[in-house]
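Please read these numbers as outputs of a predicted model, since none were measured by experiment.
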Amino acid sequence: IVGTLTISGIAKAVDIAFELPIKAGYETFSYTADDVADPLDYTFNGNTYQPDGFTAKVVIVPDDVTTVANVTFKGLNTLEVLIVPDSVTKFDWTQCEDCPNLKVVIFGDGITTMGGQNFQRCTSLQYVRLPKNLAQIGENSFRDCTSLEDIIIPASVTAIKGSAFRGSSLHDIILPTNVETLSSVWVFGELKNLENMVYPLTVSGPIRFPHFPWTRQQLPHPDCPGCV
């Protein structure tokens, strides 16, 4: 589904296009210019740092930023939307861990690997657009994201680290044919809402699903006739 997130001010309005894997229905997110964080509060010389006294709902990382450093947005209670541009090539650890009201994350395509625990315990997170060139999803990246029901894993991903989606609310998982490694049995652990999973037969690492009731369904992989 393609939609827009509108940020309006007294003088102008800006529409930001996004494409998200929304299973059904359509949601509108509307914010005013006053809801958007001032980049001067959390950026310096192409890097980010954790802001003090943060009350904004929306963060639009500027186009000249290349590195989002560790814990920049960790524990920010008011943050609801994070938009990361193509200029960012490094997205370090624990960026948004424990942000209870974060709902939407839109990544540009400059990031190839993500550190771990970036969205752990973001219990309101519903919609994530991952970079199309992403090769690795770090450990605990979306652990205990209990509102996350759908996510599109880009075709470029080759490795998913331990407990990356553990305890989320995913209904369906389609692993791209390039995925080679699941580093832990807990990558998809405790997915109590999981209904279907499609994965390449060539993937290494354990394909097991501990601690939840699940009946495996045979499905044709959209990109691979030899996959189930």
Can you say whether the rings of F165 and F188 are parallel (under 30°), tilted (30 to 60°) or perpendicular (over 60°)?
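The rings of F165 and F188 lie parallel, inter-plane angle below 30°.
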
I need the [X] [atom1] to [Y] [atom2] distance, nearest 0.5 Å.
X	Y	atom1	atom2	value
N45	T67	CG	OG1	11.5 Å
C99	R121	SG	CZ	11.0 Å
S124	E80	OG	CD	8.5 Å
M114	K90	CE	NZ	14.0 Å
E195	I173	CD	CD1	11.0 Å
S163	E190	OG	CD	8.0 Å

Within a reach of under 6.0 Å around CZ of F44, are more than 12 heavy atoms found that belong to other residues, nucleotides or ligands?
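Atom CZ in F44 is not crowded, with 12 or fewer foreign heavy atoms closer than 6.0 Å.
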
More than 12 heavy atoms of other residues, nucleotides or ligands under 6.0 Å from CG of D38: is that the case?
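Atom CG in D38 is crowded, with more than 12 foreign heavy atoms closer than 6.0 Å.
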
Output all residues satisfying side-chain hydrogen bond (donor to acceptor under 3.5 Å, both in side chains) with [X], sequence neighbours left out; order by chain, then residue number.
X	answer
D144	none
K103	none
Q95	none
N140	R143

Side chain to side chain contact (heavy atoms under 4.5 Å, CB included) assessment of F54 paired with T78
CA-CA 8 Å; F54 188 91; T78 60; 3.6 Å; yes

Measure across [X] and [Y] and return the closest heavy-atom pair with its distance rounded to 0.1 Å.
X	Y	result
G138	K161	C-CB, 3.6 Å
G162	S184	CA-CB, 3.6 Å
V61	V88	CG1-CG2, 4.2 Å
I137	A164	CG2-CB, 4.1 Å
P131	I111	CB-O, 3.4 Å
D35	A56	O-CB, 3.4 Å

Quick one: does [X]'s side chain get under 4.5 Å of [Y]'s, heavy atoms only?
X	Y	answer
L170	L148	yes
L130	I151	yes
L175	I160	yes

Determine whether V59 and L79 satisfy the following criterion, side chain to side chain contact (heavy atoms under 4.5 Å, CB included), listing intermediate values before the conclusion.
CA-CA 8 Å; V59 166; L79 182 62; 3.7 Å; yes

For a side chain to side chain contact (heavy atoms under 4.5 Å, CB included) with L125, tell me which candidate from V104, L82, V105 qualifies.
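Answer to the side chain to side chain contact (heavy atoms under 4.5 Å, CB included) test with L125 among V104, L82, V105: V105.
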
Ignoring hydrogens and geometry, is there a side-chain-to-backbone donor-acceptor pair from [X] to [Y] under 3.5 Å?
X	Y	answer
N118	D92	yes
N101	N77	yes
T181	S183	no
S156	L134	yes
T48	T43	no
S87	V65	yes
D41	P51	no
N178	A155	yes
T94	Q117	no
E180	A159	no

Within residues 71-126 or reaching into it, pairs that qualify as ring-ring contact (aromatic ring centres under 6.0 Å, His included) - sequence neighbours excluded
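Qualifying pairs, neighbours excluded: Y42-F73, F91-F107, F119-F142.
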
Other ILVMFWY residues reachable from V71 by side-chain steps of under 4.5 Å:
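Besides V71, the hydrophobic cluster comprises nothing; the residue is isolated.
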
Any salt bridge between K57 and D34, counting N to O under 4.0 Å?
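D34 and K57: not salt-bridged.
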
Pair D109, N133: side-chain N/O donor-acceptor within cut-off below 3.5 Å
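No.
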
Stepwise side chain to side chain contact (heavy atoms under 4.5 Å, CB included) check, I153 with I174
CA-CA 7 Å; I153 299 175; I174 299 178; over 6 Å; no

